[in-house]
Amino acid sequence: MANHLAIDNAGPEPAEALLAKALVGFKLRDNAFHLLTLAAAWTVLILLGGVIAALIEGSVPAIRAFGFNFLWTEGWNPVTEKFGAMAAVYGTIVTSIIAMTIAVPAGLGIAIFLTELCPYALRRPVGIAIELLAGIPSIIYGIWGLFVLAPFLQEHVQPGLISAFANVPVLSGLFAGPPYGIGVLTAGVILAIMVLPIVSSITRDVFETVPAVLKESAYAVGCTTWEVVRSVVIPYTRVGIIGGVMLGLGRALGETMAVTFVIGNAHRIAPSLLAPGTTISATIANEFTEAVGDLYTSALIELGLILFLITFTIIAMAQYMLLRLRRREGQ
Amino acid sequence: MAIYDTRRRHDKFYIGLCYASVAFGLGWLTIILATLLFEGFRGISPAVFMQMTPPPGSEGGLLNAITGSLIMTVLGVALGAPLGMLAGTYMAEYGRHSKLTIVVRFINDILLSAPSIVIGLFVYEVMVVKMGHFSALAGAVSLAVIVVPVVVRTTEDMLLLVPDTLREAASALGLPRAIVIGKVAYRAARAGLITGVLLAIARISGETAPLLFTALNNQFFSTNLNAPMASLPAVIFQFALSPYKEWQQLAWTGALLVTLAVLVLSITARVLQMGRPAK
């Protein structure tokens, strides 16, 4: 009996100590893991801050040398070290406009098909096929654009455009000159193909948030499919559509490799869409490794900074719009 | 009656346009893949996997480029994926309702769509300039910067799909948070987490722009992380724009290899995801 008591008294103490030790260990490990994840979350913020800081630091020499004139100077002469961003910014914007003109209607069409028209069994495969288009790396679009699309446009499409619009006042200027194949228009078309799946998959997701009751009521009063889409689905999802389109635009503005292959890398602003041009990203990709001298490199980095600021603004606005839509959906 | 006809005609017309746009989208996919298969398979031979990239005008392979791509991709994922997973874990587990999470989510979505060439410039500034030379390590880091936002996004989404009752049950047993996350949440979301990493690999295996001025390119076989390294995308870029027939053929073959890798990865990711209940 006494023995038992002695054991009982001796027993719990080490066990309790063990338990306490284990609990302290748990707590330590838990805190360590918590801090580790917190640090990782902060690292994401630091990454973005780092990108901005590095770009600003790199472009200081060019900003000192050219000031704000950099933005509206067209010339780009590495020999005399006179640089201006105008031609590249112009090319970036024009190719993106062409891309969005083609991709937005087509992307909306695909989204409407996937949510309203497609038989249920086909939805997944068609959706995945369109998304595969988004998965193909941009360099593949580039090599395909250079060897397949550009010659095709040069032989079959551009001569037709030139002769068709030869006597139309404004358009004859846009579609003038020899059909080179490579040029602003070809770059715009390639970008359109690349942006298409982004626009269509986001608008599809957004269309799916429309309550079935709304659509069914419209059908019940006798609306055709198109009228339901136009008067119910699109108004209901307007903010989300704009968000999706802007995300696509962000991609189009920053796209590099595909454009570099087909735009011709000519630093001038030509009135014709068939003429070679350049974009910010194509200029950087083409010239960065060959840039000699600090000012040349710095001018290219400043181009990168401009590109980043433009896309940052557009993506941030797009995210804000999609966020607003998600909040509304959540309520 | 006329108004009904007009409405019906409008409906036919616009719905017809929707079908046309699907044909437009799928048409491009078919044409691109068909060209790629046709041009790429013409150049497939053992030499592609056994020999180095040739000097202009002679036959050769892509061995150094394939190796370089593999090394930098693996390294990029090894650097980027853990960081992304930890950040995603914070957002879904510890800081689900904190302000930091909202900010990180917003910034992460911006990083996700940021132009990859800008990432290249960033790594050039912070690594290449500081080290004084181009290196495979810088290439891997720039790929890692692209991996992070992809993994953060999928990790957060997938962990949020894990039912809270599971976590509560584990906590009720007295398990500390870290173990609940490691042994319960991660396990329940495993397929989704792997999907995220696969998607990230798919995303970086075709990336060219950030490699151009970080890893540069290398005509020779090299496994030295501190020196320039060849990669498939960079070789495709160089060879496709060259006037030499052999180089152009190798570029097509390389393009086929990259695309196959990317497609296999993204289809595997999708199949993995399909096993899970949607949303």
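Values below: every heavy atom of this structure, side chains too, minus hydrogens, waters and symmetry copies. In what follows, every chain begins at residue 1, and chains take the letters A, B, ... in the order their sequences are listed.
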Who among [options] has the most heavy-atom pairs with chain A under 4.5 Å?
{"options": "V129(B), T259(B), L212(B), I110(B)", "result": "I110(B)"}
{"options": "A20(B), C18(B), S116(B), S205(B)", "result": "C18(B)"}
{"options": "L241(B), I267(B), V258(B), V148(B)", "result": "L241(B)"}
{"options": "V262(B), D109(B), T101(B)", "result": "D109(B)"}
{"options": "E207(B), E125(B), M85(B)", "result": "E125(B)"}
{"options": "P82(B), G206(B), A240(B)", "result": "A240(B)"}

Part of [X] lying under 4.5 Å from any heavy atom of chain A:
{"X": "L265(B)", "value": "neither"}
{"X": "I181(B)", "value": "side chain"}
{"X": "I179(B)", "value": "side chain"}
{"X": "F13(B)", "value": "neither"}
{"X": "L36(B)", "value": "side chain"}
{"X": "V104(B)", "value": "both"}
{"X": "L29(B)", "value": "both"}
{"X": "V152(B)", "value": "side chain"}

Is there side-chain contact between [X] and [Y], with heavy atoms separated by less than 4.5 Å?
{"X": "W42(A)", "Y": "L100(B)", "result": "yes"}
{"X": "I32(B)", "Y": "Y141(A)", "result": "yes"}
{"X": "E131(A)", "Y": "R270(B)", "result": "yes"}
{"X": "I102(A)", "Y": "F24(B)", "result": "yes"}
{"X": "I130(A)", "Y": "L26(B)", "result": "yes"}
{"X": "L33(B)", "Y": "L132(A)", "result": "no"}
{"X": "T89(B)", "Y": "F33(A)", "result": "yes"}
{"X": "I190(A)", "Y": "W28(B)", "result": "no"}

- request: List the steps, then state whether side-chain contact (heavy atoms from CB on, under 4.5 Å) holds for L307(A) with I117(B).
  value: CA-CA 10 Å; L307(A) 175 67; I117(B) 191 149; 4.1 Å; yes

task: Select one option (side chain, backbone, both, neither) describing which atoms of L146(A) are under 4.5 Å from chain B's heavy atoms.
output: side chain

Region of L149(A) in contact with chain B, defined by heavy-atom distances below 4.5 Å: side chain

Ignoring hydrogens and angles, write down the donor-acceptor pairs under 3.5 Å from the side chains of residues 47-56 of chain A, residues two or more places apart or on other chains.
none

- request: On the 0 to 90° scale, with breaks at 30° and 60°, tag the Y90(B)-H34(A) ring pair as parallel, tilted or perpendicular.
  value: tilted

task: For the residue pair F213(B) and F288(A), categorise the inter-ring angle as parallel (less than 30°), tilted (30 to 60°) or perpendicular (more than 60°).
output: tilted

query: Yes or no on side-chain contact (heavy atoms from CB on, under 4.5 Å) for T311(A) and S113(B), after CA distance, side-chain angles and deciding distance?
result: CA-CA 9 Å; T311(A) 46; S113(B) 337; over 6 Å; no

query: Any residues in residues 248-255 of chain B near chain A, with a heavy-atom distance under 4.5 Å, and which are they?
result: Q248(B), A251(B), W252(B), A255(B)

- prompt: Is the backbone N or O of P176(B) less than 3.5 Å from a side-chain atom of D30(A), with the two atoms forming a donor-acceptor pair by type?
  reply: no

message: Before you tell me yes or no, could you show the steps for I31(B) and W144(A) under side-chain contact (heavy atoms from CB on, under 4.5 Å), namely the whole-Å CA-CA distance, both residues' side-chain angles and the distance that decides it to 0.1 Å?
response: CA-CA 10 Å; I31(B) 296 173; W144(A) 180 81; 3.6 Å; yes

message: Test ring-ring contact (aromatic ring centres under 6.0 Å, His included) on F261(A) and F237(B); report intermediate values, then the result.
response: CA-CA 8 Å; F261(A) 272 96; F237(B) 181 49; 5.5 Å; yes

